[in-house]
Amino acid sequence: MNALKNGVELTGVSKVYGNTTAVRDVSLAVKEGEFLSVVGPSGCGKTTMLRMISGFAVPDSGDVRIGGESMKGVPVRERRVGIVFQNYALFPNMTAYENVAFGMKAQKWPKTKIESKATALLEMVGMGDRAEAYPRQLSGGQQQRIALARALGIEPRVLLLDEPLSALDAKVRNTLRFEIKRIQRDSGITTIYVTHDQEEALSISDRVALMRGGALEQVGTPAELYAAPASEFAADFIGVNNILRGVYEGGGRFTWNGRVFAVETARKPGPATMTVRPERLVPAGLDSKSPNVLEGHVVGKVFLGPLTRVALSVEGETLLMDLLSAAGESLSVGDPLKACFDGSDGHLL
Ligand code: ATP
């Protein structure tokens with residue numbers, strides 16, 4: 001299969017609004033059938049990037065290609081992209097069925113094809129029994145299911161989703177994110193998903209693009225971004241992390257606040273930052289031979305269900321450590337605690 005057929009490519013794309021560079025020289029290729037999430041803090045340019053792909057915004061420089069074809073001068077309706085926004089934007093005076101059928105009617109599809117396609121899409125999003133309901137009779141989650149079916153109705157080459165779940169409560173959001181993933185996998189449609197929720201992005205994407213100040217900070221699989229963040233910003237934004245600023249002495253020795261740790265790295269000596277995930281810190285037993293010991297005391301703990309996140313004060317800095325709740329239960333604020341980590345879990349930047 002030609003990977004570019006229904007793929008999306010951005011080459012040196014920028015967009016400036018007044019004094020703000022909303023998107024800065026972004027180059028990115030999304031393969032056909034791929035699910036790519038775009039994450040980053042508020043105002044980093046996620047929506048602007050998506051708007052340039054859909055055609056609602058025009059790049060000041062660079063090019064957007066869909067299926068290998070430049071989108072310069074191609075209006076939104078001719079791009080064959082399906083779009084779902086945060087605010088469901090369904091037509092209030094149309095039933096769920098009519099909303100889904102709308103785009104097909106506009107494209108003058110034969111009546112029987114519209115009927116079978118719209119019915120199948122309503123079934124696919126789990127709304128087969130609510131075809132005659134009006135948007136006001138549906139919950140937010142149900143309306144977003146209809147919006148998704150409507151976006152898929154025109155048989156788009158690409159599906160663009162802009163924070164589609166952010167107005168929903170946590171439980172519905174959780175269910176729907178996996179529904180979206182299932183539908184995307186079943187339909188094989190190239191999907192670009194904008195969210196400020198990095199946990200959501202990690203859980204459903206083939207790859208994640210992290211943006212910062214209009215530019216791409218790092219692009220990779222969820223596992224790559226989690227295990228090997230390319231910068232302190234990425235280490236801090238993706239998941240929960242401990243960030244220790246010190247010096248890499250060379251020879252696998254990293255010093256932090258007068259302590260020396262043995263780490264695995266190929267980097268050059270000099271000022272360095274080591275990141276270590278809370279779940280990689282484990283209590284150091286009396287017989288621990290690990291050279292990487294952090295000795296301190298408990299300053300707080302939060303119950304997270306199966307895990308308890310313990311805040312450990314070491315050398316005046318607070319580090320986080322995730323323990324199985326059974327182990328965390330016995331700890332109290334003020335208790336001394338020794339944690340250790342494997343050298344391969346200390347990621348040096
Ligand atoms: P959020 O997560 O808050 O939605 P975002 O990452 O989607 O943010 P954008 O909406 O793309 O960010 O905005 C990027 C920058 O461009 C912001 O500083 C924003 O204020 C600015 N911006 C976006 N659209 C316009 C516009 N139409 N006119 C002027 N400035 C704009």
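We count ligands from 1, going down the list as the structure has it; atoms in each ligand are counted the same way. Bear in mind the structure is a predicted one, so any value in this text is a computation, not a measurement.
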Discussion item. Does either side chain, that of Tyr193 or that of Glu200, offer a donor lying less than 3.5 Å from an acceptor on the other one?
Written reply: yes
Worksheet item: Applying a 4.0 Å heavy-atom criterion (strictly less than), which segment of Thr20 is in contact with ligand 1: side chain, backbone, both, or neither?
Response: side chain
Item to complete: Identify the protein heavy atom lying closest to atom 3 (O) of ligand 1, giving its residue, its atom name and the separation to 0.1 Å.
Response: Ser42 OG, 2.6 Å
Worksheet item: Nearest protein heavy atom to atom 20 (O) of ligand 1: under 4.0 Å?
Response: no
Practice prompt. Could you tell me which atoms of ligand 1, counted from 1 in the order shown, lie closer than 4.0 angstrom to a heavy atom of Ala22?
Written response: 14 (C), 15 (C), 16 (O)
Worksheet item: Where is the nearest protein heavy atom to atom 9 (P) of ligand 1: which residue, which atom, and how far?
Response: Thr48 OG1, 3.6 Å
Worksheet entry | Per-atom contacts of ligand 1 with Gly43, taking only distances under 4.0 Å to non-hydrogen atoms | 1 (P), 3 (O), 5 (P), 6 (O), 8 (O), 12 (O), 14 (C), 15 (C), 17 (C)
Worksheet item: side chain to side chain contact (heavy atoms under 4.5 Å, CB included) between Val64 and Glu9: does it pass, once the steps are laid out?
Response: CA-CA 6 Å; Val64 173; Glu9 276 177 291; over 6 Å; no
Discussion item. Just to verify, which of Met274, Arg277, Met321 counts as forming a side chain to side chain contact (heavy atoms under 4.5 Å, CB included) with Phe341?
Written reply: Met274
Item to complete: Flag atom 29 (C) of ligand 1 as yes if some protein heavy-atom distance to it falls below 4.0 Å, otherwise no.
Response: yes
Worksheet item: Tell me, do Ser166 and His196 make a side-chain contact under 4.5 Å, heavy atoms counted?
Response: yes
Response to the item:
Note: Lys46, heavy atoms under 4.0 Å from ligand 1, region reported as both
Worksheet item: Side-chain heavy atoms under 4.5 angstrom apart, residues restricted to Ile, Leu, Val, Met, Phe, Trp, Tyr: same cluster for Val76 and Ile192?
Response: yes
Worksheet item: What is the nearest protein non-hydrogen atom to atom 10 (O) of ligand 1, stated with its residue, atom name and distance?
Response: Thr47 CB, 3.7 Å
Discussion item. Could you identify the single nearest non-hydrogen protein atom to atom 27 (N) of ligand 1 and state the distance to 0.1 Å?
Written reply: Tyr17 CE2, 3.6 Å
Worksheet item: Can you tell me if Asp25 and Ser14 form a side-chain donor-acceptor pair at under 3.5 Å?
Response: no
Worksheet item: Between Lys301 and Phe303, is NZ or CZ placed under 6.0 angstrom from the six-membered ring centre and within 45° of the ring axis?
Response: no
